[in-house]
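All heavy atoms count here, side chains included; hydrogens, waters and symmetry mates do not.
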Amino acid sequence: MGSPVIHFEVIGKDAARLQEFYGQLFGWKINTDNPTNYGIVETGGEGGIGGGIGASPDGGNGHVTFYVAVDDPRAALAKAEGLGGRTIMGPEEIPGGPTIALFTDPEGHVIGLVKGM
């Protein structure tokens, strides 16, 4: 069985500006009512996936990525590394949420892994 893409993410230096930009551009509803002001995106489109828009934790340039559901993020990271990727975060358990991890593909694109979402 394949692993579905279940979430997208836009991370950058100015979360509020990005949230406003994408909300106005695509008519997305973005809810930032949480302790981190991470914008949970409802696209409103049938068959589409939800996402998030937030600030880069380290103040860096950020990234645009998608998250793939996996049963074992640690094993998926090991497989990605074996295929030429590089782990950049995790796995980390989000309080009250899923376990996530990030890796780069051989060309440096950031891809997310998630379990329990």
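To the nearest 0.5 angstrom, Arg86 atom CZ is 12.0 Å from Leu77 atom CG. Note that CG of Asp14 is 9.5 Å distant from CD of Glu20, once rounded to the nearest 0.5 Å. Interatomic distance, Ile30 CD1 to Asn37 CG, rounded to the nearest 0.5 Å: 12.5 Å. Note that OG of Ser56 is 11.0 Å distant from CG of Leu18, once rounded to the nearest 0.5 Å. Leu113 CG to Lys115 NZ: the interatomic distance, rounded to the nearest 0.5 Å, is 12.5 Å. Note that CD1 of Ile40 and CG of Asn31 are 7.5 Å apart. Values are rounded to the nearest 0.5 Å.
Atom CG of Asp58 has more than 12 neighbouring heavy atoms from other residues, nucleotides or ligands inside a 6.0 Å radius. Atom CD of Glu93 has 12 or fewer neighbouring heavy atoms from other residues, nucleotides or ligands inside a 6.0 Å radius. By the 6.0 Å contact criterion, CZ on Phe8 is enclosed, its count of non-hydrogen atoms from other residues, nucleotides or ligands being greater than 12.
The ring pair (Phe, Tyr, Trp, His ring centres under 6.0 Å) test applied to His63 returns no partner, not counting sequence neighbours. For Tyr38, there are no ring pair (Phe, Tyr, Trp, His ring centres under 6.0 Å) partners, not counting sequence neighbours.
Residues Ile11 and Ile94 are members of separate hydrophobic clusters, defined by side-chain heavy-atom contacts under 4.5 angstrom among Ile, Leu, Val, Met, Phe, Trp and Tyr. Criterion: ILVMFWY side-chain heavy atoms under 4.5 Å apart, direct or through other members. Under it, Val110 and Val41 are not part of a common hydrophobic cluster. Grouping the Ile, Leu, Val, Met, Phe, Trp and Tyr side chains by contacts below 4.5 angstrom, directly or via other members, places Phe103 with Val64. Leu83 and Val68 are assigned to two separate hydrophobic clusters, defined by single-linkage of ILVMFWY side chains at heavy-atom distances under 4.5 Å. Using a 4.5 Å cut-off between side-chain heavy atoms of Ile, Leu, Val, Met, Phe, Trp and Tyr, with links allowed through other members, Leu102 and Val114 fall into the same hydrophobic cluster.
Residue Gly112 comes nearest to Thr65 through the heavy atom pair N-OG1, 3.6 Å, listed as atom of the first residue, atom of the second, then distance. Between Ala15 and Gly54, the closest heavy-atom pair is CB-C, 3.5 Å. Here the closest non-hydrogen pair linking Trp28 and Thr43 is CD1-CA, 3.5 Å. Listed here is the closest heavy atom pair of Thr99 and Pro91: CG2-CB, 3.8 Å.
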Task: Worked verdict on Gln19 versus Thr32 for side chain to side chain donor-acceptor pair (under 3.5 Å) - done: CA-CA 9 Å; Gln19 291 160 357; Thr32 59; 5.1 Å; no
Open item on the list: Checking Ile53 against Glu9 for the side-chain contact (heavy atoms from CB on, under 4.5 Å) test, could you report, in this order, the C-alpha distance in whole Å, the side-chain angles of both residues, the deciding distance, and whether it holds?
Closed with: CA-CA 6 Å; Ile53 302 174; Glu9 186 169 66; over 6 Å; no
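By the 4.5 Å heavy-atom criterion applied to side chains, Phe66 and Ile111 are counted as neighbours.
Between Tyr67 and His7, the angle of the ring planes goes over 60°, which puts this pair in the perpendicular group of the 30/60° scheme.
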